[in-house]
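Worksheet: one structure, shown below.
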Amino acid sequence: MRYQKPITNISIIFSMILFLLALFPGESATQLTAKANHDHIKIDFFYHGSTVGVSGISDPGVDLVIKLTSAEGHQSLQKKGKVAGLLWMNVSELELEHVPSVYFLHSTKNIEDILSRDEMDKYVIGYQALERHVEITPVANEEEKTKWFSEFIKFKESSNLYSVSTGKISVREKDGGQDYFILTNWPHQAPPGKYLVTVIAIKDKKVVETATADVLVEQAGVVKSLADMAKNRGALYGIISIAAALGAGFSVGMIFRKSGGAH
Amino acid sequence: MYLYLPVALTSIAIFLPIGLGLIVGLLSGLFGVGGGFLLTPLLIMFGIPPTVAAATDSNQIVAASTSGTYAHWKVGNVDFKMGLYLLLGGFLGGLIGVQAIKILKAMGNADFVIKVTYVLMLGIVGIYMFIESLSNMRKKKVGEVEIEKESRIGAFLKSLPFQTRFEKSGVTHSILVPIFLGCLVGILAAIMGVGGGFLMVPIMFYVLRMPMHVIVGTSLFQILFTCIEVTFLQSYTNHTVDFTLAVLLLIGSTIGAQVGTVFGRKLKGEQLKILLAVIVLAVTVKIVFELTLEPSLLLSLKGGH
């Protein structure tokens, strides 16, 4: 009888731990995972964009944000403005620092409803947070910064390189966790490079967990050879381009002459 | 069906550049212009970065102007002697023009000066050509015989040294005249970022007094060499020529240039001039709209015309 007591104590402690875990699910019960199902996109001659699916498991009941971005860098664009109060033309340049060339954001709910401003800023989630994160010059004040940042977003969205969506992530509870999945279109305008997929789990307006995956987009075959040649052997590339154009011009001329077109 | 463009870093529906090339080639064969004024903005509109659009355009003009020059040469419409002097002037003008851009940019408001000059020049040339061709056509209809009066400019040109006969064009000029005019167009072309065919063709007609059909062939011959130089320099220094895009464009433009030449030979000089005037005026109106209407996007990539 004596030696049975410790076992009873252990089971009581174990039961209490389970009870406490049930009461306070804590930071995470299921580890957040992220997988890009098309993580190596090869650009060949007939490439016209692709799709990227992101899937994984999260805790049940959390909200999710999925961010696909390129590395941050510098961008320089031409600004159009009115000259002499009448004519629209390029007036100066706009410089942007710490800005990704590609930024896609998907969330289960409206970002403003599920995240605090501090958390949005910390993880650069949403256009407003991105605006606060990016440096824009030359701008005289915050109002002007907002104006040009919104023009920048318009420009990027028109090139299919920036987008924000809500409610496109499908979520399904399974085995005490939560499966999520989203299939996104990968635009052909997105340049080759390494892209980062960040999945962010949110509870009580705070980020509770993040997981990442990479997507590599690279040129392949003849496309890669031509791009490399244009970049590294410009003189030879130029001579070949000219020779091909001259050859094509003469060939078509000869064909038309034979068929009587020019006479 | 789409093809990916390795330098432009985007893909494009194949029929688009082939169709655009066909239209531009047709204009080349008909009027002896390169067509950059039309093609570069259209390529930008279809998502090609401005620097790549401008450089690749030069590459395809090499093909279209080779095709057009060949077709015109076969029917005896290329004045090589005149073309070489104009070309010499054009090279000099290009060098001066590049320096002029630097000075204009340093002075500020360069874009404003360039755009306004461009619009005014195209507008004046277009209206003058249109009115003059229309009145000539009317005169010929009623059987009036046109008596050419020698203008003061004509008398001045004849007084210059190094007079030489240009057999193919049937005119006599000092070699300084085509060199100077080529230089002038070269300067303006470099400043405005266009090939200059639109300015060269009227100058050849009104100042050099060349026959319209010889003008078209000779202008294409000159454009061919200018674009060879530009294509090489763009490939070598800026790496912005997209060979794949150029091939798609030239498939259309080489055929278009041949068709344009055939059509051109069926038209009279005055008809060609009036058609060119209409296109010049249409381009002018398009630029005026672009300048006065608020663009949908206030930001753009750098480069282009």
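Letters A, B, ... mirror the listed sequences (proteins, then strands); counts begin at 1.
The greatest number of non-hydrogen atom pairs below 4.5 Å with chain B, out of A:Leu226, A:Leu94, A:Leu87, is found for A:Leu87. In terms of heavy-atom pairs under 4.5 angstrom with chain B, the leader among A:Lys231, A:Gln189, A:Gln75 is A:Lys231. With chain B as partner, the option from A:Gly81, A:Ala245, A:Gly247 having the largest number of non-hydrogen pairs under 4.5 angstrom is A:Ala245. Contact count against chain B (heavy-atom pairs under 4.5 Å) is highest for A:Gly249 among A:Ser76, A:Ala227, A:Ala230, A:Gly249. Of the residues considered (A:Ser251, A:Ala248, A:Ala235), A:Ala235 shows the highest number of contacts with chain B, using heavy-atom pairs under 4.5 Å.
When all heavy atoms of B:Ser67 and A:Val252 are compared, the pair lying nearest together is OG-CG1, 4.3 Å. The minimum heavy-atom distance linking B:Phe243 with A:Ala244 is given by the pair CE1-CB, 3.6 Å. Between A:Tyr237 and B:Val241, the shortest heavy-atom distance links the atoms OH-O, 2.7 Å. Contact record, A:Pro192 with B:Tyr4: CD-OH, 4.3 Å, taken as the closest heavy-atom pair. Here the shortest heavy-atom pairing between B:Leu301 and A:Gln78 reads O-OE1, 3.5 Å.
The structure places CG of B:Leu297 at 12.5 Å from CZ of A:Phe152, a figure rounded to the nearest 0.5 Å. Expressed to the nearest 0.5 Å, how far NE2 of A:His188 lies from OG1 of B:Thr10 amounts to 4.5 Å. In this structure, CD1 on A:Ile242 lies 10.5 Å from OG1 on B:Thr66, to the nearest 0.5 angstrom. For the atom pair A:Phe46 CZ and B:Leu3 CG, the distance stands at 5.5 Å (nearest 0.5 Å). Between atom CD1 of residue A:Ile255 and atom CD1 of residue B:Ile255 there is a gap of 8.0 Å, rounded to the nearest 0.5 Å. The CH2 atom of A:Trp88 lies 5.5 Å from the CG atom of B:Leu298; values are rounded to the nearest 0.5 Å.
Aromatic ring orientation, B:Tyr2 versus A:His48: parallel (interplanar angle below 30°, classes split at 30° and 60°).
For A:Ile43, the part sitting under 4.5 Å from any heavy atom of chain B is the side chain, from C-beta outward, and nothing else.
At a threshold of 4.5 Å between non-hydrogen side-chain atoms, the residues A:Phe45 and B:Thr244 count as touching. You'll find the side chain of B:Leu299 stays beyond 4.5 Å of the side chain of A:Lys80, heavy atoms only.
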